[in-house]
K.L.:
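So that we are looking at the same thing, I have put the structure below in structure tokens.
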Amino acid sequence: MSAAERTTAVEASFLALEREGLSMHVAGVVLLAGGRPVTLRDLKHLVATRVRRLPRFGQRAHTPFGGRSSSWVQVARIDYGAHLFHHELPAPGRASQLHELCARIHEQPLDRDRPLWEMHLIDGLAGGAQALVIKTHHAITDGLAGMEIAEVMFDPAAGKPRPHVPATRFVEPCLPSPLTVLQGLVGLAFTAAGGPIAVDGPFNGPVGPHRTFATATLRMDALRRLKRELGGSIDDVVVAIVAAGIGRYLREVGYPELPTALRAMLPVSTRPPARGVHLGNHVSAVFIDLPTDAEDVPALVRSVAASKATLRTAHAAAGGAMLVSAAGLLPAPVHRAILRLVSDTQFANLVLSDVPGPADQLYLLGRRVVACYPMMPLGGHVGLAVAAVSMGGTMGIGITADPGLVPEPQRLASAIERVLPSLAGETSRRAA
């Protein structure tokens, strides 16, 4: 058995944050087009032949009692029966039934005595479609690591090269040098100046153990066209569309006191450039205010782009990363207590994540990947997480929520979807 490998401060933090009712795993709901059904036996063979490229899939987390840090320990053998599962939706196999099953899967914590991953193959969807839920602990997978798993598991079309994970568009290296320490201090001061606790919002309150899940689908060609017309980046356009959709949703459900803005926590990659598949979590966070009363989406795009530019200049991500690294030096019980205290604060009104994925069409055992919809963990008092992943020609948006804080999450997803056609119509009229 190979020697144990210490967890990073970020990985240890996500392990320490987890408690009953607040699991810290992420997931991707991969929708597969109709065709010859993938069986659980097929899936097991595929994973077994490729798992060596995913080292964390063969390791479990070990934290000595009273120890200061966790470590990754190689298991003698992977028990695939404890990691691979099969489900059959009852007829007629609607999207709402899939969402309900995915929410139940997401509620269940991963077994800490085993490697921290599961895959759930789901049959019975309308039209012969299937779904695959790939569930991993946030300690071993951030957004880009999730795309590394896709790079290993999925195949390109015949004659095409292996899928390539694009570089993140918002990276701040956090190397231990006097310059980065100074940048981190500036970033901490900038974040603290905005207030460590967000004002009450419609999605805040004690988060319970149950989850709901909903999905929205955007076309990448439409997003790219809007990017060219409006400027900014794809990320800026997506964030603006989500902000506009949330505002529409709150008005439609008749929220009594619509806030002028909601503070969103945006995960930010600090992953250094590297070749190969490494998994792990290399993420910090920044905070951005999203107007909820704005109907001018092009102005929203400009506002988002300007806010992100300010955050880069202020080294906000570096400040968050430095704080996590410093906390990781504390003894495990103190580290855990501080992290859970922070988790229980109202640090934002929602979490919003956007991850770029492979641009080419992908396949799983011959089945075309239609889209991937992410699922996120929730904080102790933040009941809404919206995450987006681009894969092929589709941007899949997954909405993970506490049912007591976000009623009718599919209505929110529909409001987000409706922004894009109306926005395209507005830009066409302006061009004319």
Side-chain angles (χ1 to χ4, degrees), residues 28-35 94-96 98-99 125-127 129-132 143 146-147 150 154 156-157 160 163-166 168-169 213-249 295-298 300-302 304-305 352-364 367-375 386-399 409-432:
V29 182
V30 181
L31 189 62
L32 305 173
R94 296 190 181 95
S96 58
L98 175 63
H99 295 162
L125 279 72
Q130 290 180 288
L132 178 65
M147 293 302 97
F154 304 147
K160 293 282 188 177
H164 171 65
V165 179
T168 180
R169 292 181 284 268
F213 181 61
T215 61
T217 306
L218 307 178
R219 297 300 308 168
M220 286 301 299
D221 54 359
L223 293 173
R224 293 189 189 99
R225 183 169 58 252
L226 286 169
K227 172 187 175 296
R228 292 193 297 268
E229 294 171 352
L230 303 178
S233 66
I234 292 289
D235 306 293
D236 301 333
V237 173
V238 171
V239 171
I241 288 173
V242 169
I246 289 174
R248 290 187 180 193
Y249 164 78
E295 289 293 332
D296 187 349
V297 180
L300 262 177
V301 173
R302 293 191 293 272
V304 169
L352 176 54
S353 174
D354 175 21
V355 177
D360 295 330
Q361 184 63 63
L362 299 178
Y363 296 83
L364 176 73
R367 298 287 294 271
R368 180 173 61 86
V369 174
V370 176
C372 178
Y373 302 96
M375 303 181 76
V386 181
V389 167
S390 60
M391 193 167 287
T394 302
M395 177 72 78
I397 297 178
I399 296 171
Q410 191 57 51
R411 192 169 178 178
L412 170 57
S414 299
I416 292 171
E417 284 185 331
R418 293 198 306 272
V419 172
L420 190 54
S422 63
L423 180 55
E426 290 173 10
T427 55
S428 298
R429 286 192 295 273
R430 277 196 296 270

K.L.:
Out of curiosity, Arg224 CZ to Lys227 NZ, how far, rounded to the nearest 0.5 Å?
P.N.:
10.0 Å
K.L.:
What are the two closest non-hydrogen atoms of Pro374 and Gly396, and how far apart are they?
P.N.:
CD-O, 3.6 Å
K.L.:
Which pair of heavy atoms, one from Val355 and one from Met147, lies closest together, and at what distance?
P.N.:
CG1-CG, 3.8 Å
K.L.:
Taking only residues two or more places apart in sequence or in another chain, which ones pass side-chain hydrogen bond (donor to acceptor under 3.5 Å, both in side chains) with Ser414?
P.N.:
none
K.L.:
Sub-3.5 Å donor-acceptor pair from the side chain of Arg248 to the main-chain atoms of Ile416, do we have one?
P.N.:
no
K.L.:
Determine the sole option in Asp296, Asp236, Ile241 for which the side chain to side chain contact (heavy atoms under 4.5 Å, CB included) test with Val301 is passed.
P.N.:
Asp236
K.L.:
Quick one: which residue pairs count as a ring pair (Phe, Tyr, Trp, His ring centres under 6.0 Å) with a foot in residues 213-233, not counting sequence neighbours?
P.N.:
His99-Phe213
K.L.:
For a 4.5 angstrom cut-off between non-hydrogen side-chain atoms, does Val419 reach Val242?
P.N.:
no
K.L.:
Gln361: what forms a side-chain hydrogen bond (donor to acceptor under 3.5 Å, both in side chains) with it, not counting sequence neighbours?
P.N.:
none
K.L.:
Name all residues meeting the salt bridge (Lys or Arg N to Asp or Glu O under 4.0 Å) criterion together with Arg411; count only those two or more places apart in sequence or in a different chain, and write none if there are none.
P.N.:
Glu252, Glu408
K.L.:
Gln130 versus Leu125: any side-chain heavy-atom pair under 4.5 Å?
P.N.:
no
K.L.:
List the atom of Cys372, the atom of Gly28, and the distance in Å for their closest heavy-atom pair.
P.N.:
SG-CA, 4.0 Å
K.L.:
Sequence neighbours left out, what passes side-chain hydrogen bond (donor to acceptor under 3.5 Å, both in side chains) with Arg94? Give chain and number order.
P.N.:
none
K.L.:
Can you measure from CG (Leu31) to CZ (Arg367) and round to the nearest 0.5 angstrom?
P.N.:
9.5 Å
K.L.:
How far apart are the closest heavy atoms of Pro356 and Ser390, and which atoms are they?
P.N.:
CA-OG, 3.5 Å
K.L.:
With a 4.5 Å heavy-atom cut-off, do Asp354 and Met395 have their side chains touching?
P.N.:
yes
K.L.:
Applying side-chain contact (heavy atoms from CB on, under 4.5 Å), name anything that partners Ala214, two or more places apart in sequence or on another chain.
P.N.:
Ile399, Pro409, Gln410, Ala413
K.L.:
Any side-chain heavy atom of Leu364 within less than 4.5 Å of one from Leu132?
P.N.:
yes
K.L.:
Evaluate the side-chain proximity of Thr215 to Ile397: yes if any heavy-atom separation is below 4.5 Å, no if none is.
P.N.:
no
K.L.:
Under the side-chain contact (heavy atoms from CB on, under 4.5 Å) rule, what do Leu226 and Leu420 come out as? Steps first, then yes or no, please.
P.N.:
CA-CA 9 Å; Leu226 286 169; Leu420 190 54; 3.0 Å; yes
K.L.:
Would you say the side chain of Arg219 lies within less than 4.5 Å of the side chain of Thr394, judging by non-hydrogen atoms?
P.N.:
yes
